[in-house]
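Here the structure is laid out as structure tokens; the discussion comes afterwards.
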Amino acid sequence: MSFTQATRDRARAIIARYPVGRQRSALPPLLHLVQAEEGYVSPAGIGFCADVLGLTKAEVSAVATFYTMYKRRPAGDWLVSVCTNTMCGVLGGDKVYKALSEHLGVGHDETTADGTITLEHAECLAACDYAPVMTVNYDFFDHVDVDAAMDVVKRLQSGERPQPTRGARLCTFKEMGLQLAGFADEREGAVGEGPAGEPTLAGNRLAERHGISVPGFDPETPIAKKEAQ
């Protein structure tokens with residue numbers, strides 16, 4: 001595949017963020033960039049990243065196959081991830097995943113026949129305080145049960161974009177890939193606002209109430225900066 005000029009221009013912009021000699025650090029956002037155009041990291045995408053960074057395809061593939069966010073076959077517009085790790089699983093995540101799998105007719109990391117929804121069970125979505133949770137293109141839907149999760153998926157199937165519990169309006173998988181590559185979402189209402197939720201702050205408030213803190217920690221201590229060489 002020949003990538004668009006816009007993608008090539010963005011690739012140069014990504015690489016320019018990194019110091020000379022450290023450009024290979026641009027590989028993760030570059031992989032998101034090619035995924036934003038193709039919907040997955042294809043062999044052509046591997047070759048593109050290798051060419052612009054002066055790496056071998058094996059070096060690029062080693063990174064692309066290590067992280068689950070890089071898909072090796074085309075993903076749908078909506079990546080639905082259900083947490084089935086211990087906390088979420090016990091509280092209903094397993095039931096949610098099973099119900100969605102049966103409704104969509106797909107298993108883990110599989111995409112519906114119409115190419116719109118990819119389903120996966122996630123080992124952890126780092127939101128135990130809102131368990132059970134699922135995400136759609138990495139935006140959270142908290143405290144889901146079978147009915148709530150099914151409602152979200154059915155609305156996606158009907159062409160709607162349901163509002164996540166926390167965060168900005170939903171965007172497609174390709175649109176999210178562009179954001180993960182480091183480019184702002186210019187849509188109106190694209191930026192989520194608001195303070196941290198009560199469950200997230202509960203531990204901090206308990207620590208304050210009981211005077212618990214890290215020994216010797218001074219929040220006013222400035223972060224040391226390395227002197228320029």
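Taking 4.5 Å as the limit, every side-chain heavy atom of D185 sits out of range of all side-chain heavy atoms of E175. Residues E37 and R10 form no side-chain contact, since every pair of their non-hydrogen atoms from C-beta on lies 4.5 Å or further apart. The side-chain heavy atoms of R72 and I46, taken from C-beta on, include a pair separated by under 4.5 Å. Inter-residue side-chain proximity for R8 and F48 is flagged as met; some heavy-atom pair is nearer than 4.5 Å. The side-chain heavy atoms of W78 and L170, taken from C-beta on, include a pair separated by under 4.5 Å. Under the 4.5 Å side-chain criterion, counting only non-hydrogen atoms from C-beta, F3 is in contact with E38.
Under the 30°/60° scheme for interplanar angles, the aromatic rings of H121 and Y97 are found to stand perpendicular.
Remark: of the listed residues L55, L30, L33, L30 is the sole one forming a side-chain contact (heavy atoms from CB on, under 4.5 Å) with C49.
Checked by atom type and distance alone, the side chain of R205 never pairs as donor or acceptor with a backbone atom of E198 at under 3.5 Å. Side chain of R166 to main chain of F140: no donor-acceptor pair is present (N/O by atom type, distance under 3.5 Å, no hydrogens or angles). At least one donor-acceptor pair closer than 3.5 Å links the side chain of Q35 to the backbone N or O of K71. Side-chain N or O atoms of N137 include one that pairs as donor or acceptor with a backbone N or O of C171 at under 3.5 Å. T118 places a side-chain N or O within 3.5 Å of a backbone atom of G76 that can act as its donor or acceptor partner. With hydrogens and angles ignored, the 3.5 Å screen pairs a side-chain donor or acceptor of Q23 with a backbone N or O of G21. Looking at S81, its side chain never comes within 3.5 Å of a backbone N or O of M134 through a donor-acceptor pair. Of the possible polar contacts, one joining the Y70 side chain to the P28 backbone as a donor-acceptor pair under 3.5 Å is found.
No path of Ile, Leu, Val, Met, Phe, Trp and Tyr side chains, each step under 4.5 Å between heavy atoms, connects Y130 with L206, placing them in separate hydrophobic clusters. V63 and V60 end up in the same hydrophobic cluster when Ile, Leu, Val, Met, Phe, Trp and Tyr side chains are linked at under 4.5 Å. Using a 4.5 Å cut-off between side-chain heavy atoms of Ile, Leu, Val, Met, Phe, Trp and Tyr, with links allowed through other members, F183 and L31 fall into the same hydrophobic cluster. Both V106 and L100 belong to a common hydrophobic cluster when Ile, Leu, Val, Met, Phe, Trp and Tyr are linked at side-chain heavy-atom distances under 4.5 angstrom. L180 and L79 fall within a single hydrophobic cluster, where Ile, Leu, Val, Met, Phe, Trp and Tyr are joined by side-chain heavy atoms under 4.5 Å apart, directly or via other members.
A36 meets the side-chain contact (heavy atoms from CB on, under 4.5 Å) test with L178; sequence neighbours excluded. With sequence neighbours excluded, the residues satisfying side-chain contact (heavy atoms from CB on, under 4.5 Å) with D114 are T112, T116.
Rounded to the nearest 0.5 angstrom, K154 NZ and H103 NE2 are separated by 5.5 Å. Of the inter-residue distances, the one linking L125 atom CG with T84 atom OG1 reads 8.5 Å to the nearest 0.5 angstrom. Atom OG1 of T68 and atom CD of E120 lie 6.0 Å apart (nearest 0.5 Å).
A pairwise comparison of heavy atoms in N85 and C124 identifies ND2-CB, 3.6 Å as the closest pair. The minimum heavy-atom distance between T165 and D142, with the atom names listed, is OG1-N, 3.0 Å. Shortest non-hydrogen contact noted between I15 and V52 is CD1-O, 3.7 Å. In terms of heavy-atom proximity, L156 sits nearest to P162 at CD2-CD, 3.7 Å. Nearest heavy atom pair, residue T111 against residue P74, reads OG1-O, 3.5 Å. Heavy-atom minimum distance, M176 versus D139: CE-OD2, 4.2 Å.
Side chain to side chain, D77 and T172 fail the donor-acceptor criterion of an N or O pair below 3.5 Å.
Heavy-atom neighbours of M69 CE from other residues, nucleotides or ligands within 6.0 Å: above the threshold of 12.
At a threshold of 4.0 Å, the pair D9-R12 counts as salt-bridged, since one of the basic side-chain nitrogens sits closer than that to a carboxylate oxygen.
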